[in-house]
Amino acid sequence: HQKGDILYVGGNFTTAFGQNRVRFFAYNLKDQRLEGMSPSFNNTVEAISTDENFVYVGGLFQNANGQIRNRIARFPTLDGTLTSWNPNASDVVEEILPLGDKIFLGGNFTDIAAFPPQRLAAVSTSTGANLSFPSVSNFPDATVHALGTFNNLLFFGGNFDNYGST
């Protein structure tokens, strides 16, 4: 994910450019150097997104910077300090889309903070609380891999055959 001159990279590595970077690094494209923020994760990072103030990271991990963060975490853009924001996904988060006061999530989870919906969800930007989107009975029947917007409409893609009551 790129924001301005900074490229955010996630995956399943433990070093980047000869420095300790556990599954995440930020690289300054203009200065051609690693940035100072270096959060660590205990499993693969699959998704990275940003808004004006934060970097959102999703994946298979259950631990970020030594603290429990089930598959999604948030860090201030400038320093990489883990925040208390914790939506708590039950399985992999593969896509993150910040939009206003909501963060849309796609993946293979069956709940966020122990409440449905499945595989597609919205959480509060400020608290991380599950916003019960799309609903407890209407959701994709398999993994969501992509999210996007156009003309105030949310689009999503993935391996699902049906969207609706399952």
Legend entry - Donor-acceptor pair between R23 and N43 side chains, under 3.5 angstrom: no
Legend entry - Pairwise side-chain contact, I68 with Q62, heavy-atom cut-off 4.5 Å (strictly under): no
Legend entry - Matching residue for L120 among F139, F109, F160, F133 - test: side-chain contact (heavy atoms from CB on, under 4.5 Å): F133
Inset, instruction - Taking the side chain as every heavy atom from C-beta outward, state whether Y163 and P134 have any atom pair closer than 4.5 Å. - result: yes
Legend entry - Trace of the side-chain contact (heavy atoms from CB on, under 4.5 Å) decision for I96 with I103: CA-CA 7 Å; I96 304 167; I103 306 295; 3.6 Å; yes
Inset, instruction - Side-chain contact test, heavy atoms from C-beta onward, threshold under 4.5 Å: evaluate it for R119 versus F156 and give yes or no. - result: no
Inset, instruction - Begin from the C-alpha positions of E46 and V92 and carry the test side-chain contact (heavy atoms from CB on, under 4.5 Å) through to its verdict. - result: CA-CA 8 Å; E46 302 227 354; V92 63; 4.2 Å; yes
Inset, instruction - Say whether N88 and N70, considering side chains only, have a donor N or O and an acceptor N or O under 3.5 Å apart. - result: yes
Inset, instruction - Answer with yes or no after comparing the ring centroid distance for F25 and F13 against a 6.0 Å cut-off, counting only values under it. - result: yes
Inset, instruction - Say whether I48 and M37 are linked into one hydrophobic cluster, either directly or through other cluster members, by side-chain heavy-atom distances under 4.5 angstrom. - result: yes
Legend entry - V55 reachable from I72 in the ILVMFWY side-chain graph, under 4.5 Å edges: no
Inset, instruction - Taking the side chain as every heavy atom from C-beta outward, state whether I6 and L29 have any atom pair closer than 4.5 Å. - result: no
Inset, instruction - Side-chain contact test, heavy atoms from C-beta onward, threshold under 4.5 Å: evaluate it for T83 versus P76 and give yes or no. - result: yes
Inset, instruction - Give the cluster check for L154 versus V123: same hydrophobic cluster or not, with ILVMFWY residues linked at side-chain heavy-atom distances below 4.5 Å. - result: no
Legend entry - Same cluster (ILVMFWY, side-chain, under 4.5 Å), L34 and L78: no
Legend entry - Spacing of OH belonging to Y56 relative to OG1 belonging to T50, to within rounding of 0.5 Å: 9.0 Å
Legend entry - F104 reachable from I112 in the ILVMFWY side-chain graph, under 4.5 Å edges: no
Inset, instruction - Indicate yes or no for a side-chain donor-acceptor contact from T125 to the backbone of G100 under 3.5 Å, with no hydrogens or angles considered. - result: yes
Legend entry - Euclidean distance, F75 CZ relative to T81 OG1, rounded to 0.5 Å: 9.0 Å
Inset, instruction - Could you point out which residue of V57, V22, L60 forms a side-chain contact (heavy atoms from CB on, under 4.5 Å) with F41? - result: V57
Inset, instruction - Could you please spell out the steps behind the side-chain contact (heavy atoms from CB on, under 4.5 Å) verdict for N65 and S40? - result: CA-CA 5 Å; N65 282 2; S40 63; 3.8 Å; yes
Legend entry - Validation row: P87, N130 side chains within 4.5 angstrom (heavy atoms): no
